[in-house]
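A short worksheet on the structure shown next.
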Amino acid sequence: MELFLTNTATRRKELFTPLKAADVRMYVCGPTVYDRAHLGNARPVIVFDVLYRLLRHIYGADHVTYVRNFTDVDDKINARAADSGRSIGAITAETTQWFLDDMGAVGAMEPDHMPRATQYIPQMVAMISDLIDKGHAYAKDGHVLFRVRSYQDYGKLSGRSVDDMIAGARVEVAPFKEDPMDFVLWKPSDAAQPGWDSPWGRGRPGWHIECSAMAHELLGESFDIHGGGNDLMFPHHENEIAQSCCAHPGGGFAQVWLHNEMLQVEGKKMSKSLGNFFTVRDLLDQGVPGEVIRFVMLSTHYRKPMDWTEKKRDEAMATLQKWYTQVGSGPAAAADPDPGVVGCLADDLNTAGAIAGLHQLSLTGQAAALRASLQFLGLMGETVPDWALAPQVDLSDWVARLSAARQSALQSKDFSEVDRLKALLTGAGVEVRMSKAGVDLVPGSGFDAARLETGA
RNA sequence: GGCGGGUUGGCGGAGAGGUUACGCAGCGGAUUGCAAAUCCGUGUAGACCGGUUCGAUUCCGGUACCCGCCUCCA
């Protein structure tokens, strides 16, 4: 099967050709662990989880390596520790586990490797030393900076030129920089800050070097896919490229760059000041199932802004409920997901098209294929989730009562008792289906036994 | 100011240079004592102005508006 992906580096949709089909390698930038993941954090996780599943499907589960890091050294973490009085280690350990729990709840598989930045400090130091030796970096006042002018293609990924950026720069230039655009590889730590010994004194890495070092350690000089949110395109990914390509001029670093667009909430950027900021955990705690979050995410193509709305959430819930009901009473999952669904994904992750395919499978009654395809998209596990199951209650007495009332009403033409019972059941969250064949009562998710009792 | 992206029917949201996206809502019908659920049918929309073409919503150029990044950010 041919896979097409839009490569940010070339701005085109291209046929994906792995460097080694037996070893497809993908690196995705992971979270800085200082707080709960907000809803926006979930988008790249879900997008690249779909890609991971697709790559495993095409190349074989044993032939794909997916790396997603945890950034556990960062000044935001230091600030959080200072504010809360807790240790950095406690914060990062707790937050890391939260992230795994929350992303698991939205159906994301765990990557093959989840390196922590703090476990790769020696590799970073080595890489920085190498960059200095090669003339791409310089030490000054305990800092080490990357010499942007030493990398000719700097700015190519994001389509910027160094000169333009300097002209439009809004930041104050630190005195130890040779060039305003030079960025920090290593910076000194005071006694209160986490630090490691290095040739430039006790310090800590800058933001970008960790990904270069870990990608190199785990995936090599050249690998296939590097992903993340498009806000990372500049400066983070630009800097990664510069560091990695200068340190390893023989390698090509990432062949394909993939960037997902940002998330909005009810048409606006999610921000604390607008009061529309919430975490994945907030939604889960409100009773929004993880699959619903995932479904809404997948309903918009990854390269377009995704707007989270309550309307979408409700529609997604209703759709999944319908499919789960259909699949729950149907046959086991087919051996493979529907080719049409997979084909959509292979066309630059057209998840919206894949969902359209699911609708078709449902409409045409292909329950086995629907089930397999839902599972493939991570929208369903081995079993129908509890939230989608009809409550297990015995309503046979009510069925008998309603049937009897209806039978006599059909004779007497007085339907008042039937209507009373029907209203009672409906009010208690029971779906009432009456046909020539008889009466069928289906308790819905809002079933309330107490209300039935009071009207009995 | 620089860079990047977007503008599709009531709403959401795709693909394709010429043939139904799809979903939700709506409308009509079947069904029902009436409903509900279900099923069937139903919607030529593509910001604006040019250009290329036998033909463009789909390609090219411009205009308008919107969004993101350029500072920690997914």
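Each chain gets a letter, A, B and so on, in the order its sequence line appears, and its residues count up from 1. Nothing here was measured: the structure is a model prediction, and the numbers come from that model. Side chains included, hydrogens not; waters and symmetry mates left out as well; all remaining heavy atoms used.
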Notebook entry, point to check: Between B:rC73 atom P and A:Phe234 atom CZ, what is the distance in whole Å?
Noted result: 12 Å

Next item on the list: Taking only heavy atoms on the protein side, list every residue of residues 26-43 of chain A lying under 4.0 Å from any atom of RNA chain B, sorted numerically.
Entry: A:His38, A:Gly40, A:Asn41

Item checked: P spacing across the pair B:rU57 / B:rU44, given as an integer number of angstrom -> 16 Å

Next item on the list: List in numerical order all residues of residues 203-213 of chain A for which some heavy atom is under 4.0 Å away from an atom belonging to RNA chain B.
Entry: A:Trp207

Under 3.5 Å, which N/O atoms of the protein pair with N/O atoms of nucleotides 3-7 of chain B?
unit_1 : atom_1 : unit_2   : atom_2 : d
B:rC3  : O3'    : A:Gly159 : O      : 3.4
B:rC3  : O2'    : A:Ser158 : O      : 2.6
B:rC3  : O2'    : A:Gly159 : O      : 3.4
B:rU7  : OP1    : A:Lys304 : NZ     : 3.1

Item checked: More than 12 heavy atoms from other groups under 6.0 Å of CZ on A:Arg12 -> no

Margin query: Could you check whether A:Trp207 and A:Phe183 have their ring centres less than 6.0 Å apart?
Written below: no

Note to self: Rounding to an integer number of Å, can you tell me how far A:Asn260 CG sits from B:rC73 P?
What the structure shows: 15 Å

Note to self: Rounding to an integer number of Å, can you tell me how far A:Asp347 CG sits from B:rA14 P?
What the structure shows: 12 Å

Next item on the list: Starting at atom NE2 of A:His301, determine the distance to atom C1' of B:rC67, rounded to an integer number of angstrom.
Entry: 17 Å

Note to self: Holding to ring-ring contact (aromatic ring centres under 6.0 Å, His included), I want the full list of residues that pass it with A:Trp257, two or more places apart in sequence or in another chain.
What the structure shows: A:His226, A:His237, A:Phe253

Notebook entry, point to check: According to the Watson-Crick and G-U wobble definition with distances under 3.5 Å, which dot-bracket string, read 5' to 3', encodes RNA chain B, using [ ] for crossing pairs and | for pairs with another strand?
Noted result: (((((((..(((.....[...))).(((((.......)))))....(((((..]....))))))))))))....

Where do N or O atoms of nucleotides 19-30 of chain B meet protein N or O atoms at under 3.5 Å, pair by pair?
unit_1 : atom_1 : unit_2   : atom_2 : d
B:rC24 : O2'    : A:Glu315 : OE2    : 3.2

Item checked: Exercise: do A:Tyr154 and A:Asn239 side chains pair donor with acceptor under 3.5 Å -> yes

Notebook entry, point to check: Is it true that the NZ or CZ of A:Arg160 lies under 6.0 Å from the centre of A:Phe234's six-membered ring and within 45 degrees of the ring axis?
Noted result: yes

